[in-house]
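Okay, so here's the structure we're looking at.
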Protein chains: 2
Amino acid sequence: MPSTLGFAILAVLARGARTGYELTAVMGRPVGYFWTARHSQIHTDLQKLLADGLVRFEAEHGPGPQDKKVYHLTPEGMAALRAWVTEPPRARPERDELVLKTYASWLADPAEVAGLFRAQLALHEERIAQYESQQADFAETPSLGEPSFGNYAALWCGLSYERHRADWCRWMLARLDATPRADGLRAEGSSEDPRRDTGH
Amino acid sequence: MPSTLGFAILAVLARGARTGYELTAVMGRPVGYFWTARHSQIHTDLQKLLADGLVRFEAEHGPGPQDKKVYHLTPEGMAALRAWVTEPPRARPERDELVLKTYASWLADPAEVAGLFRAQLALHEERIAQYESQQADFAETPSLGEPSFGNYAALWCGLSYERHRADWCRWMLARLDATPRADGLRAEGSSEDPRRDTGH
DNA sequence: GCGACCATGTAACACGTTACATGATTGC
DNA sequence: GCAATCATGTAACGTGTTACATGGTCGC
């Protein structure tokens, strides 16, 4: 069974044949939002997929010392990918360094912690703006069965995630600015409790 | 410089001396929500922290062939931890298998994809209930400077995260049930667009 | 007597990152 | 001529998981 990266590669190839180089590029931008890999890892994984008969390539002598290899799915590769899609994702442990820092934040100067969260909030707000503009590029929600449905759904998730994070940063800033200093500056209003409008 | 796990260990030890075994236990439940490790990794990392002079231990001959070692922070360890807290977290690439599956979901039977998301939603709802009851155990928001502030803030983040995820699952289910079948069942109303009440 | 819990460690392997290594084509 | 882009690969290292290995105490 391929690794998750193997399936990520299959998922990209399901949308069209690509070279290892091109796969690396999509692992940077569109797919990179939820799964990334460097070219070194992609090339080695591609060789495993090849050995398992899930992909094949046509060699066209491109630039450089080696042939350029355009990979595409085999019927077995497509079948493996389809079967994988609906299997439950295998749970990977959460690892979140910011939350870990927060766990230890009682040890630090609140003003410095606030600086950390202000920087983090700025990052999230930037990404929100970026995702919103990407979302606006979709004339309407793509329907199931088109590849772009996958893009749209992933984007929705990313946007929702960034907003949750931004909310949390604002909540932290409100706590952090509220207590110890009296220098006038404090974060403007944001939701005080996550239980607000989520329903039920 | 210690690894992130090293700092996680320091963060736990800042709240009180612990054996490697006890550290493993907290990496399971409270801290495990945002950083985990197995005992094998904890023991080896503890040896690195020891070599760097960030922790020390008192040996009490406990059960088993070896001595029981109760670790505590050194002043250098505490200083390193305090300095680390307010440094920006080093960015680790997102890796989210469910979103990856979603990206490829246009290939699969919508009914089966819906099954996947229903199972996922159930998981999130369970965690929401669990976190809510944990939140209710706090009489009031702990103030900065107490260790429990870290616990409370991390819990707030986790709760907000689970709600965002559950929302996304509901949105997916609404899409998935809406289109292809006509068997009467469809997901009840949930937010249709993540841009709703987040402000700005 | 048996299983759960306490307690520490090592080794092999999988996954991921960084760095090393090569070289042609295209645009400035 | 130089830099960017296209294109493929290997090696060393760090991090994390699984499995191996040992053995005492306590409650049933």
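Each chain gets a letter, A, B and so on, in the order the sequences are listed, and its residues count up from 1. All of these numbers come straight from a predicted model, not from anything done at the bench.
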Geometric class of the B/His164/A/His164 ring pair [parallel <30°, tilted 30-60°, perpendicular >60°]: parallel
Could you tell me how far apart A/Tyr21 (OH) and D/dT5 (P) are, to the nearest whole angstrom? 7 Å
Indicate the ring-plane relationship of A/Tyr152 and A/Phe138, choosing parallel, tilted or perpendicular according to the 30° and 60° boundaries. perpendicular
My understanding is that only residues two or more places apart in sequence, or in another chain, count here; which of them pass side-chain hydrogen bond (donor to acceptor under 3.5 Å, both in side chains) with B/Tyr21? none
What is the separation between atom CD on B/Glu22 and atom C1' on C/dT8, rounded to the nearest whole Å? 13 Å
Can you check the A/Phe7 CZ to C/dA14 C1' distance for me, whole Å? 16 Å
Quick tally for nucleotides 9-18 of chain D: nucleotides whose base has a protein heavy atom under 4.0 Å get B, sugar-phosphate-only ones S, the rest -, giving BB----SSBB
NZ or CZ of B/Arg127 within 45° of B/Tyr161 ring axis and under 6.0 Å: no
Above 12 or not: heavy atoms from other molecules or residues under 6.0 Å from CD of B/Glu126? no
d(CZ, B/Arg18; P, C/dA7) in whole Å: 12 Å
Whole angstroms only, please: what is the CG-P distance between A/Leu23 and D/dC6? 14 Å
With side chain to side chain donor-acceptor pair (under 3.5 Å) as the rule and sequence neighbours excluded, what pairs involving residues 29-46 of chain A come up? A/Ser3-A/Asp45, A/Tyr33-A/Gln130
Calculate the interatomic distance between B/Lys68 atom NZ and C/dA7 atom C1'; express it in whole Å. 9 Å
How many Å lie between CD on B/Glu94 and P on C/dT17, as a whole number? 13 Å
